[in-house]
Amino acid sequence: ALVFPSVPAVTSATAVHREVNKHLQDAVAMIVGESEALHAAIDVACRVARSSSVTSLLVEGETGVGKELFARLVHAGSRRTANDPFIAMNCGAITRDLFGSELFGHVAGAFTGASREGKPGVFELAHGGVLSLDEIGELPLEIQPFLLRVLEERVVNRIGDSRGRPVDVRLVASTNRDLKHEIAAGRFRRDLYYRVGAVSITVPPLRERGEDVLLLVEHFNRQIATAAGEDPLEFSQEALDALLAYHWPGNVRELKNLIGRLHVLARGRDIGLHDLPGEIAAPSATSNDGKTLSAELPGGTLVEAERQAMKNALAAEGGNLSRVARRLGISRPTLYRKLDQYGIRRGFT
Ligand SMILES: Nc1ncnc2c1ncn2[C@@H]1O[C@H](COP(=O)(O)OP(=O)(O)OP(=O)(O)O)[C@@H](O)[C@H]1O
Ligand SMILES: [Mg+2]
């Protein structure tokens, strides 16, 4: 188990600490929810934020669970000045060839297409603050040793530069993939995983947060109404029950978007069961444990829906076929037959 360094008391005497604690409290307040699972994650993130010796945090969790809020929290609680940088880079959005230069920068004319004056990478830009690397599982294997080196030595070399520049950066890496599975598949380096994930938190999916769903409905309902200068919507008990029972594959993001849509599309202020999308109002029998058919499947044929459900299940279970079969509520022989039928290669999604 990890032993955290002792954390200064919240009621520290110095103005700097008061300021930081205020920022941290504000960042915590942004994260709506009372569930124990969520608060366990918030607690660890706060400790990391306030400790100067833990320099990286891995935030795991499904899409839309609020991982970005945790990166903000670490930034808010870091014991530094008010204008420390917060730099975010989404590894899923970077062209393969550009990773090196985006992360570490380059000197003038380092490669074809390099900018004439050279440019700093995100590590340099985040110096003294927090670097948030989103979807770290997308980082190409060949770049991973370089990232590890920067994290260990805390020095960055721009591409084409022999001079190392010291960087004092806290890293918050996030992933919605199972990195252990990525390691087993040879797509993520174990040494980097141990370095980045020395301290990690898992932000729980919304379906495991119980009545937080209701708090979030309330929160977004008010927020959207206030911004639009309207009255909040009124949800019937049946509608709230359906929202509570729903499995939220897109998590908080899906819920937030739904409330926004209801504000625009609902006929009145009163929201009943019939105002909710079909998959929430009348969950389909095919989603036995509620996780198979994702909500992003409105149209299409049944065959397409089934194919997509299989792909989702394969991705969610990391290709473990017995768990995929259980998740889909079918036998393994049926699963094999369907995988062949749909031309889905086993173990690949
Ligand atoms: N507990 C929460 N309270 C208030 N808002 C939240 C909460 N969790 C998430 N949100 C909001 O939901 C949206 C999605 O959250 P966020 O972008 O942090 O998800 P994510 O985990 O980073 O997803 P992805 O893996 O797709 O990047 C954001 O608008 C965020 O502010
Ligand atoms: Mg994110």
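Just the heavy atoms: all of them, side chains too, but no hydrogens, waters or symmetry mates, feed the values below. Whatever order the structure lists ligands and atoms in, that order sets their numbers, starting from 1.
Both the sub-6.0 Å distance and the 45° axial angle are satisfied by Arg72 relative to the ring of Phe86.
The pair Glu34-Arg209 fails the salt-bridge criterion, with no side-chain N (NZ, NE, NH1 or NH2) lying under 4.0 Å from an Asp/Glu carboxylate O.
A donor-acceptor pair shorter than 3.5 Å cannot be found between the side chains of Ser56 and Arg170. Side chain to side chain, Arg337 and Ser331 fail the donor-acceptor criterion of an N or O pair below 3.5 Å.
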For ligand 1, list all ligand N or O to protein N or O distances below 3.5 Å, rounded to 0.1 Å.
| from | atom 1 | to | atom 2 | distance (Å) |
| --- | --- | --- | --- | --- |
| ligand 1 | 1 (N) | Val32 | N | 3.4 |
| ligand 1 | 1 (N) | Val32 | O | 3.0 |
| ligand 1 | 3 (N) | Val32 | N | 2.9 |
| ligand 1 | 17 (O) | Arg253 | NH2 | 3.3 |
| ligand 1 | 18 (O) | Lys67 | N | 3.3 |
| ligand 1 | 18 (O) | Glu68 | N | 3.0 |
| ligand 1 | 19 (O) | Gly66 | N | 3.3 |
| ligand 1 | 21 (O) | Val65 | N | 3.3 |
| ligand 1 | 21 (O) | Gly66 | N | 3.1 |
| ligand 1 | 21 (O) | Lys67 | N | 2.8 |
| ligand 1 | 21 (O) | Lys67 | NZ | 2.9 |
| ligand 1 | 22 (O) | Glu68 | N | 3.4 |
| ligand 1 | 23 (O) | Gly64 | N | 2.8 |
| ligand 1 | 23 (O) | Arg253 | NH2 | 3.2 |
| ligand 1 | 25 (O) | Lys67 | NZ | 2.6 |
| ligand 1 | 25 (O) | Asn176 | ND2 | 3.1 |
| ligand 1 | 26 (O) | Thr63 | OG1 | 2.6 |
| ligand 1 | 26 (O) | Arg253 | NH1 | 3.0 |
| ligand 1 | 26 (O) | Arg253 | NH2 | 3.2 |
| ligand 1 | 29 (O) | Lys256 | NZ | 2.9 |

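The number of heavy-atom neighbours closer than 6.0 Å to CZ of Arg332, taken from other residues, nucleotides and ligands shown, is above 12.
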Check: residues 129-151 side-chain donor-acceptor pairs under 3.5 Å, at least two apart:
| from | atom 1 | to | atom 2 | distance (Å) |
| --- | --- | --- | --- | --- |
| Asp134 | OD1 | Ser174 | OG | 2.4 |
| Glu138 | OE2 | Arg177 | NH2 | 2.8 |
| Gln144 | OE1 | Arg189 | N | 2.7 |
| Gln144 | NE2 | Leu139 | O | 2.8 |
| Gln144 | NE2 | Arg187 | O | 3.2 |
| Arg149 | NE | Glu153 | OE1 | 3.2 |
| Arg149 | NH2 | Glu153 | OE1 | 3.3 |

